[in-house]
Structures are given as C-alpha cells and as structure tokens.
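Everything on this sheet refers to the single structure shown next.
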Amino acid sequence: MSRQDTGPLPAIGRTTQRALGIWQVRARAVGLTQVTISAFVGKSEAYVSKNIRAAHPPEAIRAIITAWELFPPPSRVDWKDAMQFRRKTRWNRQPVTLMRAIA
C-alpha cells in the first residue's frame, strides 16, 4: 500500500501566535506599544503584556489607550515628550497623570 500525499501536516502543539485581546488591537491601531504603555502606567512590560490580552485589563491600561485614541496628534507628542523627560529623571517608574501630561 502506498501512502497518498494529503498536504501539509497539521500543526501539533501550541501555535506561534497568541490571541490578541480587544485592548491590544486598539492599542496597535493607534500606534501604542507595550513599552510605551508600561512607561505611562508605571508598571513593568511583562505586567502590561499579560494584562492587555485579558478580557478586562486594569483601568489604568484602558484609560491610557482610550486617552491616546481621543487625543489629537500634538497632544500625543506632548505626552510622549513628558514621558521621555521622566525616563531621564529619577522618577522613572512613576505614572504620568493625564492632567500633568496635557497641562
């Protein structure tokens, strides 16, 4: 008996791509990275990576993504500049509040 070619073998085990959460899709759509979100929130990148895929991520992550969607591009640049300044100072893990960033 000869074996007929049935096409490529099915993938066994875990796939290489992870399912994206709705908040991760929204963040990518507006150009936010997990590194940027972690800097704004004041948490580690692993924390953001784990929680952004959840069905209900922490309120801080949702607030950052929603604010980024609503801010006009000049305000986004100002907010990022404020974050760059904070990274160079000793307050590197303190969250940048929305009011201080846009003031």
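What you see below is based on every heavy atom in this structure, not just the backbone, and it leaves out hydrogens, waters and symmetry mates. Numbers here are sequence positions counted from 1.
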Candidate pair Arg53 and Gln24, rule side-chain contact (heavy atoms from CB on, under 4.5 Å), full reasoning: CA-CA 6 Å; Arg53 287 189 304 269; Gln24 190 171 13; 3.1 Å; yes
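Note that Arg26 lies in the cation-pi zone of Trp23, set by a 6.0 Å cut-off to the ring centre and a 45° limit from the axis.
Hydrophobic cluster membership differs between Leu32 and Val77, with clusters built from Ile, Leu, Val, Met, Phe, Trp and Tyr side chains linked at under 4.5 angstrom.
Between the CD atom of Glu59 and the OG1 atom of Thr66 there is a distance of 10.0 Å, given to the nearest 0.5 Å. To the nearest 0.5 Å, atoms CD (Glu69) and CZ (Arg76) are separated by 8.0 Å. Taking CD1 of Ile37 as the start and CZ of Arg62 as the end, the distance is 13.0 Å to the nearest 0.5 Å.
Note on ring orientation: taking the six-membered ring where Trp is involved, the planes of Trp79 and Trp68 are tilted (angle from 30° to 60°).
The minimum heavy-atom distance between Val48 and Ile61, with the atom names listed, is CA-CD1, 4.3 Å. Contact detail for Ala27 and Ile52: the closest heavy-atom pair is CB-CD1, 4.2 Å. Across all their heavy atoms, Ala54 and Pro57 have their closest contact at O-CD, 3.6 Å.
Counting only distance, with no hydrogens or angles, the side chain of Ser38 and the backbone of Val35 share a donor-acceptor pair below 3.5 Å.
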